[in-house]
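Structure first, then comments.
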Amino acid sequence: MEYAISHSALPKLKADCLVLPLGSASTLPEALPDETRASVQAFIKAGDFSGKQGQVSWLHNPPGVAARRLLLVGCGDKTELDGQAWQRLVTGATRQLLASPVKQAVLMLNTVKVARELGWRVREGARVAEEACYRFDDYRSKPAQAATLRKLTFWHAQRDAALRQALKQGRAVAVGTALARDLGNMPPNDCYPEYLAERAKALGKEYDKLTVKIVTQAQAEKMGMGAFHAVAKGSTREGCLIVMEYKGAAGKPVSLVGKGITFDTGGISLKPGANMDEMKYDMGGAASVFGTVKTVCELGLPIHLVAVVAAAENMPDGGATRPGDIVKTLSGQTVEILNTDAEGRLVLCDALTYVQQKYKPHTVIDIATLTGACVVALGSHAQAVYANDDVLRESLLEAGQDTGDRGWPMPLWEDYQSQLDSPFADMQNIGGPKGGSITAACFLHRFARDVNWAHLDIAGTAWISGGKDKGATGRPVPMLTRYLINLAGKG
């Protein structure tokens, strides 16, 4: 969809619809002509609109303006909206517009007070509006009829040159989020490690500053990635490490490492059959890395970024790893595999070592749909945030709070490390039933002690499970991109 900023006089602004967010105590802005305000006030006085949160009402052929319709959107009884309330408002208004014959709409920014600056409202408004437009119809024989809405304009009387940059950022993050959702929603018979490698190569051809390197499964094994190979060798689909390097600045890079298990059966430790179809989403970390790289390239951020995706299928064929096997990782540490369904940490640990050895990053963030224990702890509202550096942790949490793609800090205490002790190897790959998300993070920390490192467990946020809204969410692309934009000093 197309987005724009306008400061033109409202009476002459041509559009199919003028969107007015109004609360129960809102005052209609002076920018509206007297006759328009009188018409809306009469509509409200008649009891047809109260401003209740989520309420919507259409007024056709309003007097005083060129717009053919007014869409009144209720904001509730609060005198000032917080950021998330604004995002919900724009999302709800966009969905109303998508279900209507409106082709061009204008959203007024000054009808309600919002506890965020104007640029933030435009940036996040464009992002969530674009996300509300998202559809995944690639596999339908007859896709649903496309919505007529083609353009959304944000209107404010005050001119502000920074609004166009805010609009650009919001749109770019939405584009990256959409890519992550597309990859997550694809069926696993089409989205497998080699396919992800080809998508990375396509990105490399699209953007001049992005180079792509593929480490094959055979090369990974030869290099000493015994943990990665232990997972990948159970499938007829070859695994690979996908390395995307974006050079927008000199110096040491920041690195993203994504878990790319394109389908997870659990391996020999086979999962139950119920909802196993949703294990195509086990590459949500990888999808978010792709989406973040896309946004960084779109914005041309002045940073050095190295993104690594550890891509494999976790399958139970005759060559699959068994519980009780011991493997040697690229770091030289050995791991006793007690549960082959704890495979994400195995592919990630070698990827973490690889990126540190090859690229010497100043910061590493891994992203993974790692544990069901995280879903039990936090549900679907927040991703778990672990870090060995306080500044990094707070930066990620602030980025999540800013975008509504929230995280929650989790402990990384040494007290938990003993749960990973093995009688036969340096460690085992599970830590028992207590604190499962924490011990998984502690496992990964053993491979990232000498670098500023964070781990995002997104098992509860990467997709919506079951129901009519089932599908990939694209999280945590908004959090990651906001962190990188802030790091680049472009916030």
Quick check on salt bridge (charged side-chain N to carboxylate O under 4.0 Å, His left out): which of Asp264, Asp457, Asp282 does Lys259 satisfy it with?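 Of the listed residues Asp264, Asp457, Asp282, the salt bridge (charged side-chain N to carboxylate O under 4.0 Å, His left out) partner of Lys259 is Asp282.
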Can a side-chain donor-acceptor contact be found between [Y] and [X] if the only test is distance below 3.5 angstrom?
X      : Y      : answer
Arg482 : Gln169 : yes
Asp77  : Gln53  : no
Glu278 : Ser465 : yes
His455 : Asp366 : yes
Thr153 : Gln104 : no
Asp190 : Tyr139 : yes
Thr211 : Tyr246 : no
Asp402 : Trp120 : yes
Glu298 : Tyr207 : yes

In terms of heavy-atom contacts, does CZ of Arg135 have more than 12 from other residues, nucleotides or ligands at under 6.0 Å?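 Result for CZ/Arg135: enclosed.
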Might you confirm whether atom CZ of Arg68 has over 12 heavy atoms from other residues, nucleotides or ligands at distances under 6.0 Å?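 No, CZ of Arg68 has 12 or fewer neighbouring heavy atoms, counting only those of other groups under 6.0 Å.
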Could you walk me through whether Glu117 and Arg121 satisfy the salt bridge (charged side-chain N to carboxylate O under 4.0 Å, His left out) test, starting with their C-alpha distance in whole Å, then the side-chain angles of each, then the deciding distance to 0.1 Å, before giving a yes or no? CA-CA 7 Å; Glu117 65 275 12; Arg121 278 179 270 165; over 6 Å; no
ring-ring contact (aromatic ring centres under 6.0 Å, His included) partners of residues 9-30, not counting sequence neighbours, each pair once: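 Of all non-adjacent pairs touching residues 9-30, none passes ring-ring contact (aromatic ring centres under 6.0 Å, His included).
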Is there any ring-ring contact (aromatic ring centres under 6.0 Å, His included) pair reaching into residues 16-58, and which pairs are they, with sequence neighbours excluded?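 Sorted result for residues 16-58: empty, none.
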Within 45° of the axis and under 6.0 Å from the centre of the six-membered ring of Tyr386, does NZ or CZ of Arg393 qualify?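 Because its charged atom misses either the 6.0 Å distance or the 45° angle limit, Arg393 does not stack over Tyr386.
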Angle class for the Phe443/Phe447 ring planes (parallel below 30°, perpendicular above 60°, tilted otherwise)?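 Correct class here is tilted.
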Is there a side-chain hydrogen bond (donor to acceptor under 3.5 Å, both in side chains) between Glu124 and Thr403 once you walk through the steps? CA-CA 7 Å; Glu124 290 302 306; Thr403 58; 5.7 Å; no
Audit row: Asp405, Gln383, side-chain hydrogen bond (donor to acceptor under 3.5 Å, both in side chains) steps and yes/no: CA-CA 8 Å; Asp405 182 18; Gln383 44 250 349; 3.0 Å; yes
Does His7 have its ring centroid less than 6.0 Å away from the ring centroid of Trp155?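 No, the ring centres sit 6.0 Å or more apart.
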What is the minimum heavy-atom distance between Ala129 and Tyr3, and which atoms define it?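 Looking at all heavy atoms of both residues, the closest pair is C-OH, 3.6 Å.
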Determine, step by step, whether Cys133 and Leu98 satisfy the side chain to side chain contact (heavy atoms under 4.5 Å, CB included) criterion, reporting the C-alpha distance in whole Å, the side-chain angles of both residues, the deciding distance to 0.1 Å, and the verdict. CA-CA 8 Å; Cys133 297; Leu98 290 169; 4.0 Å; yes
Let me see the working for Val289 and Val308 under side chain to side chain contact (heavy atoms under 4.5 Å, CB included), right down to the final yes or no. CA-CA 8 Å; Val289 168; Val308 178; over 6 Å; no
